[in-house]
*Asks:* 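Sharing a structure here in structure tokens format.
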Amino acid sequence: MATAARLRVIASSSDHLARALVKLASEGGWSAEHLTHGEAVRDTTVEVDDDGVSVRPPTALYLRPPFEPPPLDRDERFLFDERLALLWAAAALNPHAVLNRPSRYGLWGRATPSARVTEHRAGYRPSRPEVFCTHPGARQWEGTWAAERGDGIVGPWPTNSPGPFRARPVADGEQYEAVTVVRTQAWRRSDEPLAEFDLERQSASIARTLRLDFAVLWWAIPPADSAPTLARVAPTPSLDDVGRRWPEIGSALLGALSS
Amino acid sequence: MSVVYLLGPSDDSTTRYFAREATALGAHVRWIDLASAVDASWHIDVGGPLELGDRHRRVVVPADAPVYARLIAPTGVEDRWDRGSTSQRLLTALASWLEMSNGRIVNRPGHTLDNGCKPLHEAWLRAAGFLVPPSLTSSDRRMLRSFAEAHQVVVKTVSGIRADCFRVGAPELRGFHPEQGPIHLQHAVDGIDVRVHVVGNRAIAVGIQSRAVDYRIADDAHYFPFELPLELADRIVETTRQTGLTFAGWDFKLCEDDGRFHALEVNPMPGYQVYDRAVDLSITRALLDYFEGLS
């Protein structure tokens with residue numbers, strides 16, 4: 001009798017995508033488990049010696065970022081960093097399939113908090129300006145800009161409220177389209193007539209360059225005839241990011257984890 | 001000599017050291033103290049100029065300026081959530097700006113980060129052809145004890161957090177609980193320590209003689225200029241370049257049993273001052289040469 005394929009998803013207990021993926025895998029006959037980072041680290045071992053590298057337990061793996069902010073207490077923060085470092089090593093060096101396998105460059109692909117740097121790393125041109133600042137109200141801003149606070153909330157711009165902010169120019173009236181990538185496959189969120197831009201192929205290419213098997217790429221669609229521009233890359237998509245295509249995308253994720 | 005911009009907090013001893021010694025060597029250093037910058041106003045155009053200032057002083061750094069960056073959160077900043085958050089945002093902004101800048105940057109962000117993940121770092125060092133002591137990283141008491149019973153081992157942090165390194169024996173692991181872990185154990189190597197700083201295409205080595213396991217916290221450490229085999233120096237310079245680093249600090253043990261160099265780690269933001277003093281400021285001079293385009 002064949003042994004069920006094993007899958008371990010390491011994610012916060014409130015991570016809906018992790019739950020949905022484990023449910024889908026279990027229904028498909030996998031031996032699947034959803035563990036928090038603290039739970040997973042207890043039986044994770046990495047050995048590096050003259051025989052090579054060994055990682056235990058032997059299982060396909062998807063490591064997601066913890067939702068909880070790092071602890072403020074110094075000792076707890078130390079333990080938090082130590083645990084994440086071991087999980088990083090276990091996922092990077094695992095001989096089994098790993099979704100969004102971490103690398104020497106970091107845990108979540110090559111995407112960064114700066115959209116412009118992410119685009120640069122992806123080899124994407126052209127790129128819109130990007131500014132980080134504390135007091136936007138003190139300056140003149142040409143055109144329309146979208147700004148994000150540290151907590152991710154987008155507010156009116158420019159503003160006299162305290163920053164810091166990250167801001168980029170936007171075209172008046174532009175719309176947004178999300179594309180979910182799983183390796184070479186890609187799905188647009190909407191059914192808008194955008195086929196001429198081939199956002200699926202562009203998104204898969206950018207995700208591959210950023211070392212991401214699974215990502216959601218957001219595109220700004222201008223109201224005129226000009227081409228869409230990349231707005232944001234989500235290297236660890238939520239279930240909301242993925243949207244209504246989840247059944248197909250979940251199956252594709254399991255396909256990637258079994259290859 | 002042109003202006004070199006220094007980005008680092010005043011409570012970082014290496015930042016202070018570079019400001020002092022580079023100035024003494026004739027460099028024009030413009031220091032932006034990150035401890036003050038957290039409370040200042042800033043406007044950072046990724047790919048353009050960087051501006052920071054307060055009521056007393058305003059600094060504009062051109063997009064092509066040479067910069068020595070030590071992007072470290074100032075001490076105590078995390079004690080207040082709003083300052084911690086602003087500090088993190090500032091460091092992110094500065095890292096983004098540095099990565100897209102056209103100037104000579106030490107070190108330009110975008111390089112490898114695996115020094116913060118020791119098992120991965122050591123696996124990479126082995127794959128790059130260096131001799132690396134075997135290691136085990138785990139929370140499993142039985143495996144840890146077994147590893148420590150078979151060899152003399154040292155314990156280190158798994159992540160990039162600076163902590164003292166010390167020897168540990170199997171009996172000391174008896175009371176270990178998985179909730180305290182994980183622990184990174186590595187075979188101990190007896191011999192002198194050798195620290196090699198790479199700056200561009202130059203490798204500057206310092207030997208350290210000490211009876212302590214961790215010479216950094218010992219009071220008997222003796223630092224002296226060390227002549228590295230040419231083949232090893234070339235390999236270190238080339239491997240550093242491949243990681244995307246301009247300035248790195250390599251740690252080796254020169255094993256007294258086999259006479260070979262065992263690689264321990266490559267530090268991407270080396271605190272270099274104690275080694276620099278042993279080689280007549282050669283490391284600071286090499287950094288200034290790099291900023292001047294001479295290496």
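In the text below, chain A, chain B and the rest are named by the order of the sequence lines, each starting its count at 1. Since we're looking at a predicted model, the values are computed, not measured.
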*Asks:* A:Arg166 versus chain B, heavy atoms under 4.5 Å apart: side chain, backbone, both or neither?
*Replies:*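 The answer is both parts of A:Arg166.
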*Asks:* Tell me whether B:Ser159 contacts the main-chain N or O of A:Ala85 through its side chain, where contact means a donor paired with an acceptor under 3.5 Å.
*Replies:*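 The answer is no, because no donor-acceptor pair under 3.5 Å joins these two groups.
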*Asks:* Given a strict heavy-atom distance threshold of 4.5 Å, which part of A:Pro164 is in contact with chain B: side chain, backbone, both, or neither?
*Replies:*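 Answer is both: backbone and side chain atoms of A:Pro164 are under 4.5 Å from chain B.
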*Asks:* Provide the closest heavy-atom pair for A:Glu130 versus B:Asp45 in the form atom of the first, atom of the second, distance.
*Replies:*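 Taking A:Glu130 first and B:Asp45 second, the nearest heavy atoms are O-OD1, 3.6 Å.
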*Asks:* Please state whether the side chain, the backbone, both or neither of B:Ala40 comes within less than 4.5 Å of a heavy atom of chain A.
*Replies:*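 B:Ala40 touches chain A through backbone heavy atoms alone.
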*Asks:* Which heavy atom of A:Pro113 sits nearest a heavy atom of B:Thr92, and at what distance?
*Replies:*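 Reported closest heavy-atom pair: CB-CG2, 3.6 Å.
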*Asks:* Are A:Phe78 and B:Thr157 packed together at the side-chain level, in the sense that at least one heavy-atom pair is separated by less than 4.5 angstrom?
*Replies:*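 A:Phe78 vs B:Thr157: side chains touch.
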*Asks:* Is chain B contacted by the side chain of A:Leu86, its backbone, both, or neither, given a heavy-atom distance below 4.5 Å?
*Replies:*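 Both parts, backbone and side chain.
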*Asks:* One pair to check against side chain to side chain contact (heavy atoms under 4.5 Å, CB included): B:Thr243 and A:Arg104. What are the steps and the verdict?
*Replies:* CA-CA 9 Å; B:Thr243 63; A:Arg104 295 183 58 220; 3.5 Å; yes
*Asks:* Can you name the residues that form a side-chain hydrogen bond (donor to acceptor under 3.5 Å, both in side chains) with A:Ser14, not counting sequence neighbours?
*Replies:*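 side-chain hydrogen bond (donor to acceptor under 3.5 Å, both in side chains) list for A:Ser14, sorted by chain: empty.
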*Asks:* Quick one: CD on B:Glu122 to CG on A:Asp49, what's the gap to the nearest 0.5 Å?
*Replies:*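 Spacing of CD (B:Glu122) from CG (A:Asp49) equals 11.0 Å.
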*Asks:* Give, as side chain, backbone, both or neither, the part of B:His111 having an atom under 4.5 angstrom from any heavy atom of chain A.
*Replies:*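 Only the backbone of B:His111 comes within 4.5 Å of chain A.
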*Asks:* Would a 4.5 Å heavy-atom cut-off, applied to side chains only, mark B:Ile44 and A:Cys133 as touching?
*Replies:*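 No, side chains not in contact.
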*Asks:* Taking C-beta and beyond as the side chain, do B:Phe147 and A:Glu47 meet within less than 4.5 Å on heavy atoms?
*Replies:*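 Yes; the side chains approach each other to less than 4.5 Å.
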*Asks:* Is there side-chain contact between B:His43 and A:His135, with heavy atoms separated by less than 4.5 Å?
*Replies:*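 A side-chain contact under 4.5 Å is absent here.
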*Asks:* Using a cut-off of under 4.5 Å for heavy-atom pairs, which of B:Gly110, B:Pro178, B:Pro109, B:Gly244 has the most such pairs with chain A?
*Replies:*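 Option with the greatest count: B:Gly110.
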*Asks:* For the backbone of B:Val158 and the side chain of A:Glu82, can you confirm whether one donor and one acceptor N or O come within less than 3.5 Å of each other?
*Replies:*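 Yes, the answer is positive, given that a donor and an acceptor are paired below the 3.5 Å cut-off.
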*Asks:* Would you check if A:Val117 and B:Met100 make a side-chain contact, meaning some heavy-atom pair closer than 4.5 Å?
*Replies:*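 SC-SC contact between A:Val117 and B:Met100 confirmed.
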*Asks:* Between B:Gln180, B:Glu99, B:His187, which residue shows the highest count of heavy-atom pairs closer than 4.5 Å to chain A?
*Replies:*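 Highest number of pairs under 4.5 Å: B:Glu99.
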*Asks:* Check the pair A:Tyr105 / B:Leu113 against side chain to side chain contact (heavy atoms under 4.5 Å, CB included), numbers first and verdict last.
*Replies:* CA-CA 5 Å; A:Tyr105 289 95; B:Leu113 302 170; 5.6 Å; no
*Asks:* Working note: B:Glu51 + A:Arg139, criterion salt bridge (charged side-chain N to carboxylate O under 4.0 Å, His left out); need CA distance, chi angles, decisive distance, verdict.
*Replies:* CA-CA 13 Å; B:Glu51 298 176 44; A:Arg139 288 177 185 255; 2.9 Å; yes
*Asks:* Using only non-hydrogen atoms and a strict under-4.5 angstrom cutoff, which residues of residues 257-265 of chain B touch chain A?
*Replies:*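 Against chain A, none of the residues of residues 257-265 of chain B fall inside the cut-off of heavy atoms under 4.5 Å.
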*Asks:* Just wondering, are more than 12 heavy atoms of other shown residues or ligands nearer than 6.0 Å to CZ in B:Arg142?
*Replies:*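 Counting neighbours around CZ of B:Arg142, 12 or fewer heavy atoms of other residues, nucleotides or ligands fall under 6.0 Å, so no.
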*Asks:* May I ask you to name which of A:Leu107, A:Leu93, A:Thr45, A:Val53 has the most heavy-atom pairs under 4.5 Å with chain B?
*Replies:*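 Result: the option with the highest number of such pairs is A:Thr45.
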*Asks:* Could you tell me whether A:Asp50 and B:Arg126 make a salt bridge, using a distance below 4.0 angstrom between a side-chain N and a carboxylate O?
*Replies:*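 Yes, charged N to carboxylate O under 4.0 Å.
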*Asks:* Side chain, backbone, both or neither: which part of A:Ser103 has an atom under 4.5 Å from a heavy atom of chain B?
*Replies:*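 Contact with chain B involves the backbone of A:Ser103 alone.
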*Asks:* Does any backbone or side-chain atom of B:Trp42 lie under 4.5 Å from a heavy atom of chain A? Answer side chain, backbone, both or neither.
*Replies:*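 Both the backbone and the side chain of B:Trp42 come within 4.5 Å of chain A.
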*Asks:* Please state whether the side chain, the backbone, both or neither of B:Leu136 comes within less than 4.5 Å of a heavy atom of chain A.
*Replies:*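 Both parts, backbone and side chain.
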*Asks:* As an exercise: rank B:Cys117, B:Ser41, B:Ser138 by heavy-atom pairs under 4.5 Å with chain A and give me the winner.
*Replies:*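 Looking at each option in turn, the highest pair count goes to B:Cys117.
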*Asks:* On a heavy-atom basis, which atom in B:Ser139 and which in A:Arg42 lie closest, and how many Å separate them?
*Replies:*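 Of all heavy-atom pairs spanning B:Ser139 and A:Arg42, the closest is CB-O, 3.8 Å.
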*Asks:* Within a strict 4.5 Å, meaning less than it, do heavy atoms of the A:Arg83 and B:Pro182 side chains meet?
*Replies:*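 In short, these two side chains touch, coming nearer than 4.5 Å.
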*Asks:* Closer than 4.0 angstrom, basic N to acidic O: yes or no for B:Arg89 and A:Glu148?
*Replies:*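 A:Glu148 and B:Arg89: salt-bridged.
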